[in-house]
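The structure appears below as structure tokens.
Side chains included, hydrogens not; waters and symmetry mates left out as well; all remaining heavy atoms used.
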Amino acid sequence: MTKIFDVGRELATGIGDRADAWRFIRGFAAGWQAPLTDDDGCPASDLDAAEARLGLRLPTALREAYRLFGRREDLTANQDVLLSPDRLHLDGEVLVFRVENQAVVHWGVPASELEEPDPSVVVRASLADPSAERWEPWLDRFSLACVEIVLSESLFVSEELGDNRGIDDGESDLLERHYTRLPLPDYPTSQTTVPAIRWFAGRDVIIRDDQRTWMWVRARTCEALTTVRTELPGDWIMTGTDEPN
């Protein structure tokens, strides 16, 4: 019998280092998508070519991530896009590696940290006033950002196993009563904003709470998704109505 990959249990102690991040991503891919294979990573030659083109050394964590799952679009490109090695580029003092699906948000690594094994990640959103745009802190380790990317992209992998809806006043307490808060740091979707994103997990389900205004759900089974709609009744987008009691 295949062991179920329990996201809450696997993240109970957080992500301590790069090895923890890659171990989690391997397990999540196997349990919720499909196991990673050697063909799912970008060849080292592609990363070497990117370094030569850019005239810099890529951080160890970035190379490891791309070598592990850089070609797995179901883990990296359902909504926003992890750029292929030939599309990595410098934007001022930031190495951009991910772009929102309409190119209004970019994620990158500060050039000043490229020599760090596991550098921080910054984010910048396009604004009506371009002069107000700036790179802001997102997550403090690239490997941790990869865990977030894989979890977030999984929300959009299947209409049958995912749903979303707005969060009404007071519903955050209901979410906290029914589901376990994951020990991932609060972080913004794009520009710095408060409150930030939080993650929750239950049996065969993960939930992203976007700034107490919207929740996104990904279930491992249809039964688990039905349970979420029952425990958190409301105007779910994929059903159009409250889930019946």
Without hydrogens or angle criteria, can the side chains of Ser120 and Asp140 be said to hold a donor-acceptor pair below 3.5 Å? no
Side-chain donor-acceptor pair under 3.5 Å between Trp199 and Tyr179, yes or no? no
Can you list the residues that meet the side chain to side chain donor-acceptor pair (under 3.5 Å) rule with [X], with sequence neighbours excluded?
| X | value |
| --- | --- |
| Ser84 | Asp86 |
| Asn78 | none |
| Arg87 | none |
| Asp129 | Ser131 |

What pairs of residues pass the ring-ring contact (aromatic ring centres under 6.0 Å, His included) test when at least one of them lies in residues 35-94, not counting sequence neighbours? none
So salt bridge (Lys or Arg N to Asp or Glu O under 4.0 Å) across residues 17-26, not counting sequence neighbours, yields Arg18-Glu64, Asp20-Arg23
Tell me which pairs pass salt bridge (Lys or Arg N to Asp or Glu O under 4.0 Å) where either residue lies in residues 41-59, with sequence neighbours left out. Asp48-Arg63, Glu51-Arg57, Glu51-Arg63
Taking only residues two or more places apart in sequence, or in another chain, which ones meet [X] in a salt bridge (Lys or Arg N to Asp or Glu O under 4.0 Å)?
| X | result |
| --- | --- |
| Arg181 | Asp186 |
| Asp6 | Arg9 |
| Arg165 | Glu171 |
| Asp80 | Arg98 |

Among Val147, Val121, Ile15, which one satisfies side chain to side chain contact (heavy atoms under 4.5 Å, CB included) with Arg141? Ile15
Can you name the ring-ring contact (aromatic ring centres under 6.0 Å, His included) partners of Phe200, sequence neighbours left out? none
List the atom of Arg134, the atom of Arg124, and the distance in Å for their closest heavy-atom pair. O-CG, 3.3 Å
